[in-house]
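What follows is a single structure, written as structure tokens, with notes after it.
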Amino acid sequence: MELKKINENVWELPETYKQGMKVKGNIYLNDELYEGLQKDVFEQIANVACLPGIQKYSLAMPDCHYGYGFCIGGVAAFDERYGVISPGGVGFDINCGVRLIKTNLSKKDVEDKTKLKELLNEIFTNVPSGLGSKGKIRLDNNQIDTVLEEGVEWAIKEGYGTKKDLERIEENGRMKEADASFVSESAKKRGKPQLGSLGSGNHFLEIQYVDEIFNEETAKVYGVEKDQLMIMVHTGSRGLGHQICADYLRRMENATKKYNIKIPDRQLACAPINSEEGEAYFKAMSCGANYAWANRQLITHWVREAFEKVFKNSYENMGMEIVYDVAHNIAKKETHIVDGKEKSVIVHRKGATRAFGPNHSEIPEIYRPVGQPVIIPGDMGTASYLLSGTELAMEKTFGSTAHGAGRTLSRVKALQMYKSSEVQERLEKEGILVMADSKGVIAEECPEAYKDIEAVANVCDNSGIALKVSRLKPLGVVKG
DNA sequence: ATGTTC
């Protein structure tokens, strides 16, 4: 069945697409991205539309693609009284997300490539990366529980940053509902040695520069200007979040039966938000989210140290403040307008970024005139984007927008087609230094393996669910 | 994404 094109950037999946749909689907795309989509993504969007208590639309962002149960790039909100919560709507890497750190340095300060190399080497040594990578700190059983319940507040107490950092993080780096007694011992065991590590796959740490400004006013509010040196950190909750997801998927399968919820796909296992199982998952997921924020905070601390060592200056003097830190995989209790009335809902964002608009009480005061910063990483050879949240996003997408470029080649395919050493050489000629923990990751993550980040950012901008603020280009890349 | 199928 054909989808209905509502306007240049919105496609509608009618309720007749599949039996049992309670709401329509709405997908944010352009013609090119629409052509590139497989049918299985539409099926997943339709499946989510069948879940109890879903509000308004089953949504998909421009970077949507097939995922576990819910598609990546999927957004769905459920009524807080009779709706459901689903681990598949959050994803395995709970609070996989991105942090953008600014500096008052400029592109010129690393024009000397030996300087850039020195910086990358220092970061590579100071921030553990790669599959199964372990952090530099050792937590005991009490400490891991504190990390899970306090998130970045724990990190600040331990000296990894300042109170000012807290203000520049979604939820101030702490989900209050977190309760470590709902996280399994095996999840904690995996999480303990990994706190403060980057991980592998699409996770990265980049030194970037501001290549272009699209909105001077918003850029000024964010403290962003042309040629400025930036650091972007993309990582999540490592093995801990993965284990929490696996644990609760199993528990949710039983709950789905227990509460007699009809689901069109087993991977959509869920429970009523107000049930014992639903509440337990939310508390555990919140722990995973806090761990991920603490993880990005420790990494920030070690990046600051690396800059201090190389530039022989304090990080405060170098203006190394957090612009913002956003979650890409999370479920949140939020208030949105539905049928003209304020309503409490659980918003699932799986591969989607919160994009709250101007004057929202949950965004930092300094950003309220223009809306929250939205950080969208691209591939290591092209660019990443900084955008701002909008009133239209509040109205249309429960305050959400895209989260990245999305893969176009599978890892296996990319490995067959490209050679890491060749990709590395080519990028170096373009002025981008890449360091990786493993041999294959550069080929797997090569620019050709990703969709066009420009198209994704432009669909957000054109449709109005986030506005472009600036483009960031990579200079130095650390991969797992 | 992930001690890449405890």
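Every value quoted in this text rests on a predicted model; they were computed, and no experiment measured them. Residue numbers start from 1 in every chain, and the chains themselves are labelled A, B, ... in the order their sequence lines are given, proteins ahead of strands.
Rounding to whole angstrom units, OH of residue Tyr68(A) and P of dT4(B) are separated by 17 Å. Rounded to whole Å, atom P of dC6(B) lies 14 Å from atom NZ of Lys189(A). As rounded to whole Å, 17 Å separates atom C1' of dC6(B) from atom CD of Glu185(A). Rounding to whole angstrom units, NZ of residue Lys439(A) and P of dT4(B) are separated by 22 Å. The separation between Phe92(A) atom CZ and dT5(B) atom P is 11 Å, rounded to whole Å. Regarding Asn295(A), its CG atom lies at a distance of 10 Å from the P atom of dT2(B), rounded to whole Å. Rounding to whole angstrom units, CG of residue Asp93(A) and P of dT4(B) are separated by 15 Å.
Phe356(A) carries Arg354(A) over the face of its six-membered ring, with the cationic atom under 6.0 Å from the centre and within 45° of the normal.
Using a 4.0 Å cutoff on non-hydrogen atoms, the parts of residues 234-248 of chain A near DNA chain B are Arg238(A), Gly239(A), His242(A), ordered by number.
Put simply, Ser200(A) has a side-chain N or O that comes within less than 4.0 Å of OP1 or OP2 on dT2(B).
Judged as a side-chain contact (heavy atoms from CB on, under 4.5 Å), and not counting sequence neighbours, the contacts of Gln194(A) are Ser197(A), Arg238(A), Tyr291(A). For the side-chain contact (heavy atoms from CB on, under 4.5 Å) test, residues two or more places apart in sequence or in another chain that qualify with Ala331(A) are Ile85(A), Val90(A), Met285(A), Ile346(A), His348(A).
Centroid-to-centroid, the aromatic rings of Tyr68(A) and Phe92(A) come within less than 6.0 Å.
Within 6.0 Å of NZ on Lys413(A) lie no more than 12 heavy atoms contributed by other residues, nucleotides or ligands.
Residue Leu100(A) is tested with Val233(A), Leu386(A), Ile322(A) for a side-chain contact (heavy atoms from CB on, under 4.5 Å); the sole match is Leu386(A).
Counting any heavy atom pair closer than 4.0 Å across all strands shown, Glu444(A) reaches no nucleic acid atom.
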